[in-house]
Structure formats: C-alpha cells, structure tokens
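Shown next, in structure tokens, is the structure this report addresses.
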Amino acid sequence: MELKYQINSWIDAHADEIAESTVRLIKKYSPRGEALPDKPFGQGPYEALMEFFSLCDDLGFAHQNMDNCIGVTDLGEGEPQIGVLCHLDVVPEGPGWTMPSHEGIIKDGKVFGRGAIDDKGPAVAVLYAMKALKEAGVSLKKPVRFIVGTDEESGSEDIPHYKKYAKMPPMLFTPDGDYPVINIEKGMFRAHFGKEYAVSEELPRVRYAKGGATVNAVPGLSSCVIEGMTKSQLEEYFSALPEGVTACATEIDGGVEIAFKGAGAHASTPEKGYNAVAGMLKFLSVLPLANKQEKEAICNLCTLFPYGETDGKSVNLAISDEKSGALTLAFSVFAMENGKAEGKCDIRFPVCGSVKLVETHISAALNAQGFDLLEGDGSEPHETPGDGAFVQTLLRTYHDVTGNEAYCVAIGGGTYVHHEEGGVAFGAEFPGSADHHMHGADEFVEIEELVLNAKIFAQAILNLQEI
C-alpha cells in the first residue's frame with residue numbers, strides 16, 4: 001500500500017477521535033489567569049496542558065513538562081530538526097455565544113467552543129498526524145518535536161521556559177494562521193497617549209466618554225454622558241454620525257447617556273470595522289460644548305484619527321511596500337473624564353518600516369495636537385525568505401494534498417512564530433473557508449478541516465525529510 005494512502009486512510013478512520021480529542025481540550029477553558037503555585041499562567045492553562053499530556057498518553061507518546069508552562073512530545077530519535085508550535089491558551093469567551101462556550105459541542109460536522117480553531121483543534125490535528133506516521137512505521141531522518149505552549153494570547157511568556165531546556169528546531173512552523181504559508185508578519189507598535197485639560201462647570205459639557213476594551217481590536221461600542229442638553233437637542237446632532245455608526249440616547253440623572261454602536265474588527269484589519277470611538281468623537285466635535293479645552297481635545301483627536309481612516313495618513317505614517325502591503329492603524333481604546341483624555345492605538349507596519357520610525361512619527365503627531373505619548377511598545381516585522389527550501393517544501397505539500405494554488409502570504413497579525421527566526425505559519429485556516437469566528441462568539445472548526453490539516457501536517461513532515 002502506498003505510504004501516503006496508508007497515512008491518509010488511518011487519519012480518515014480516526015476522524016471521530018480527532019473531534020472528540022478536540023472536545024477534551026476545549027473543555028479545559030484556558031484563558032490566562034492569576035498565577036498560582038506551580039501554575040504560572042493560572043489554573044485553566046495548566047489544566048489544558050495536563051489534558052494534552054493525557055492525550056499523548058492515550059496515543060502512546062512520551063512527553064516532557066517544562067515548568068507547567070509548555071510541553072513537548074517527539075517523534076523520531078535524535079536532535080529534532082522539524083518543529084511544530086501550537087498553543088492551548090485562549091482568549092476569554094466574550095459575549096454573544098448562542099451555545100456553551102467551553103463545552104466542545106459537536107454539531108453539523110463542526111466542533112464549537114473557545115479555542116476550536118485557535119489553537120486546540122489544530123494541536124489535535126498535529127498530534128494525530130504524528131500518530132499516523134508512527135502507525136505507518138515511518139523512520140524519520142529528521143525527527144519532529146511538537147511544542148505546545150500555554151501563553152500565546154498574552155505575550156508568549158511560555159517560550160522562554162522552553163528555551164531554558166532546549167533550542168527551537170531549525171525548521172519551525174505553527175498552524176496558528178492561514179494556508180498556504182505566512183512568511184511575513186508586519187511589525188507592531190502600540191501607543192498609549194493622553195493629555196490633561198482644565199475642568200469647567202459650564203454647560204453643556206461631557207461628563208465622560210469612553211469606548212474600547214482591548215488595544216488589538218477596533219471598538220464596536222462606545223458611550224458618553226452629556227450634561228446641559230436635552231435628549232431631543234442631542235438627537236438633532238445625530239445627523240453628524242458617520243456611516244456605519246448609530247446612536248441611542250437615554251435620559252439619566254443629571255444628563256443624557258448616548259450609546260454608540262459600530263462594528264468591531266481585529267486591529268490587523270481595521271478597514272473591516274466601523275470604529276465606534278472615532279464615530280463618537282466626530283459626533284462630540286460638533287456639539288456646542290462650553291469648555292474650549294475640552295472641545296479642543298476632542299477636535300484634535302478627530303484630526304489625529306479621523307473616522308474611516310486606517311492607513312495612518314493623519315499621523316504621517318502612510319507607508320507601504322510591495323512585499324507586505326500598507327501600514328494599518330486602529331484607534332482602539334479611549335476614556336475622557338475629569339480633565340483627562342487618554343487613548344490607545346494599534347499600528348501594524350510593513351517591513352520597510354521600523355519601531356523607531358513609527359514611534360518617532362506618532363509621537364510628533366501627538367505632540368502637534370497637544371497630546372503626549374505616555375507609553376509605546378513595539379516589535380519589528382518578521383520575515384522568512386519565501387524562496388528557501390523549507391518554505392518551498394511546505395508550499396509544494398499544500399498544493400499536492402489540496403490541489404490548490406500555493407503562495408506566500410504577508411499578514412498584519414502576529415502568529416506564535418513572530419519572534420522565532422526562520423519560523424512560518426502553515427495553516428490551519430484555508431483560503432476562502434467559512435469565518436470560524438476566531439476570538440469571537442460561536443468559534444468553531446469543521447471536522448473535515450481538522451482531518452485535512454492532519455493529512456497536510458503528516459505529508460509535510462515526510463516531505464521535509466528530503467531537504
């Protein structure tokens with residue numbers, strides 16, 4: 001029997017087990033929590049790692065626990081040359097679920113639950129790919145190490161725990177992104193800025209304005225309270241709201257509360273959202289506010305981050321290159337109250353840029369409008385050459401298994417290999433596939449996709465033996 005057919009047949013025969021194993025991991029709800037003794041990232045990530053080790057035991061794989069932060073299991077003898085990196089931690093469940101968020105519901109050929117596609121389902125696919133190779137009796141010239149961490153979503157503080165014990169394998173991929181191969185990830189800069197202004201009792205005034213919960217997302221909701229104007233007076237200004245943002249006013253004690261609704265999006269693709277903070281500020285900028293400093297702060301923010309602009313043009317950062325595309329900027333968090341206005345923005349910049357360039361330009365633009373850069377944190381772009389044997393082998397594997405066109409991709413988001421030299425993202429989402437609601441409500445993965453991922457990973461390991 002041809003080896004490829006034998007491996008694929010074994011994976012097909014274990015599709016139900018792949019789904020059930022994914023359920024087992026989803027049931028261990030694992031957002032980062034409070035550090036506990038011997039559990040640096042909290043109870044959930046620890047339990048997810050222990051469940052992974054239990055899966056390894058069931059499938060006959062030995063494993064190593066590195067400080068209850070990260071684990072490994074190997075296939076083949078000797079120093080690992082191929083590495084696969086997955087994570088078991090998840091973002092919090094968030095609102096809007098129509099079914100239990102961490103019970104792992106199997107329905108209509110899908111597994112639902114937080115982490116189904118990011119990254120628990122893909123982790124199971126990797127493990128079953130390795131099991132298929134083991135069952136087929138494959139002898140590996142280049143051993144494989146499967147590295148499973150528990151802190152990717154909160155800063156990848158798990159990786160140093162691995163590096164205390166071992167080196168990363170020279171050929172490293174993570175199914176923490178998309179097919180065919182992501183070989184370029186833009187750089188990232190997150191800016192925290194603010195200013196103080198004089199408080200006045202004159203009316204009308206803003207009691208508070210706020211929006212956004214996390215720096216890496218376009219805010220879909222925001223709100224404010226206006227004192228000194230009636231509900232009907234404020235509603236007359238709703239015509240100033242930009243397309244994509246709606247508002248609802250409610251009378252409360254001493255003022256009117258206005259709730260704004262846009263549409264959220266990931267900060268790496270801000271053009272897909274309708275920014276409720278920028279929309280709210282545009283509305284506030286046309287109100288007859290009595291405090292000139294308050295009004296000026298609002299108008300200056302509108303100048304810096306105009307509604308609908310996502311390329312950083314107004315802060316002199318509209319840069320792009322052929323390889324990785326254009327810079328994106330998302331004004332993501334804002335709060336204004338008691339004489340303080342503070343905000344955060346998330347900038348993803350192409351390989352032609354640098355952390356220093358972005359910090360210099362955003363700081364100068366903020367200063368010009370009376371704001372200070374309070375804190376900035378960034379990482380440089382990540383690029384692995386697309387013409388090397390490693391990437392070309394992965395591309396050939398993807399084409400051979402799926403029949404689809406294979407090409408390299410540049411993204412604005414960051415994957416688990418962003419800081420690992422020579423690493424790439426390989427899967428687990430397919431071009432043109434359904435929206436799996438990653439980081440959103442009702443996250444899912446199709447069982448057929450998990451099976452196909454396992455086949456691709458198994459074939460990739462085989463093909464990489466030859467380079």
Side-chain angles (χ1 to χ4, degrees), residues 25 28 30-90 115 118-120 122-131 133-134 139-177 379 382 384 390 414-426 457 460-461 464-465:
L25 290 180
K28 304 301 181 181
S30 51
R32 180 165 176 166
E34 180 182 354
L36 301 170
D38 298 321
K39 301 170 185 176
F41 308 127
Q43 185 69 25
Y46 168 80
E47 290 186 0
L49 185 61
M50 295 305 107
E51 189 65 26
F52 171 76
F53 289 149
S54 179
L55 284 174
C56 290
D57 291 336
D58 292 347
L59 293 173
F61 286 106
H63 47 81
Q64 181 181 358
N65 183 348
M66 298 175 174
D67 303 336
N68 287 338
C69 294
I70 198 162
V72 303
T73 185
D74 294 338
L75 181 63
E77 300 294 330
E79 186 72 18
Q81 298 300 304
I82 302 166
V84 187
L85 182 62
C86 283
H87 65 90
L88 301 178
D89 61 304
V90 298
D118 182 30
D119 231 2
K120 294 179 176 181
V124 168
V126 173
L127 197 58
Y128 275 81
M130 293 171 63
K131 178 64 173 177
L133 294 170
K134 187 176 182 180
S139 178
L140 300 180
K141 295 183 294 184
K142 291 182 170 64
V144 180
R145 168 158 289 176
F146 186 21
I147 306 164
V148 179
T150 58
D151 190 49
E152 189 273 342
E153 299 289 4
S154 301
S156 297
E157 292 180 22
D158 49 353
I159 297 298
H161 289 269
Y162 174 82
K163 293 181 177 179
K164 282 169 50 179
Y165 299 93
K167 297 185 298 183
M168 283 289 181
M171 294 184 286
L172 181 69
F173 71 83
T174 179
D176 187 39
S379 60
H382 172 84
T384 296
F390 173 50
T415 75
Y416 211 4
V417 297
H418 188 88
H419 299 288
E420 304 305 320
E421 185 177 356
V424 298
F426 186 53
F457 299 149
I461 291 169
L464 289 170
Q465 302 298 308

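Values reported hereafter were calculated over all heavy atoms of this structure, with side chains retained and with hydrogens, waters and symmetry mates removed. Note that this is a predicted model, so its numbers are computed, not measured.
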Are side-chain heavy atoms of [X] and [Y] found at a separation under 4.5 Å?
| X | Y | answer |
| --- | --- | --- |
| Y416 | C86 | no |
| L464 | F390 | yes |
| L55 | F61 | no |
| M50 | N68 | yes |
| D176 | E152 | yes |
| I82 | Q465 | yes |
| S379 | H418 | yes |
| V84 | P175 | yes |

By ring pair (Phe, Tyr, Trp, His ring centres under 6.0 Å) - contacts of Y128 (at least two apart): none
Under the salt bridge (charged side-chain N to carboxylate O under 4.0 Å, His left out) rule, collect the residues that match up with [X], sequence neighbours excluded.
| X | answer |
| --- | --- |
| K131 | E135 |
| D89 | none |
| E47 | none |
| D67 | K164 |

Show, in sequence, the C-alpha distance, side-chain angles and deciding distance for H87 and T174, and conclude whether the side-chain contact (heavy atoms from CB on, under 4.5 Å) test is met. CA-CA 9 Å; H87 65 90; T174 179; 6.0 Å; no
Say you draw a straight line from [atom1] of [X] to [atom2] of [Y]; how long is it, rounded to the nearest 0.5 Å?
| X | Y | atom1 | atom2 | answer |
| --- | --- | --- | --- | --- |
| N65 | L49 | CG | CG | 5.5 Å |
| E51 | C56 | CD | SG | 10.5 Å |
| Y162 | L85 | OH | CG | 9.5 Å |
| I147 | Q64 | CD1 | CD | 10.5 Å |
| D38 | C69 | CG | SG | 10.0 Å |

Name all residues meeting the side chain to side chain donor-acceptor pair (under 3.5 Å) criterion together with [X]; count only those two or more places apart in sequence or in a different chain, and write none if there are none.
| X | value |
| --- | --- |
| E153 | H439 |
| K142 | none |
| T150 | none |
| E420 | K163 |

Between T384 and V417, does a side-chain contact (heavy atoms from CB on, under 4.5 Å) hold up when you go through it step by step? CA-CA 10 Å; T384 296; V417 297; over 6 Å; no
For E421, look at atom CD and say whether over 12 heavy atoms of other residues, nucleotides or ligands are found less than 6.0 Å away. no
If I compare all heavy atoms of [X] with all of [Y], which pair ends up nearest, and what's the gap?
| X | Y | result |
| --- | --- | --- |
| L25 | K120 | O-NZ, 2.9 Å |
| P170 | P80 | CD-O, 3.9 Å |
| A129 | F457 | CB-CB, 3.8 Å |

Does anything in residues 32-59 form a ring pair (Phe, Tyr, Trp, His ring centres under 6.0 Å)? List the pairs, not counting sequence neighbours. F52-F146, F53-H63
Which residue pairs satisfy the side-chain hydrogen bond (donor to acceptor under 3.5 Å, both in side chains) criterion with at least one member in residues 71-80, sequence neighbours excluded? D74-R145
N/O donor-acceptor pair under 3.5 Å between K134 side chain and G60 backbone: yes
Is it true that a side-chain atom of H382 and a backbone atom of T415 form a donor plus acceptor pair closer than 3.5 Å? no
Look at E157 together with R32 and state whether they make a salt bridge at an N to O cut-off of under 4.0 Å. yes
Determine whether M130 and L59 satisfy the following criterion, side-chain contact (heavy atoms from CB on, under 4.5 Å), listing intermediate values before the conclusion. CA-CA 10 Å; M130 293 171 63; L59 293 173; over 6 Å; no
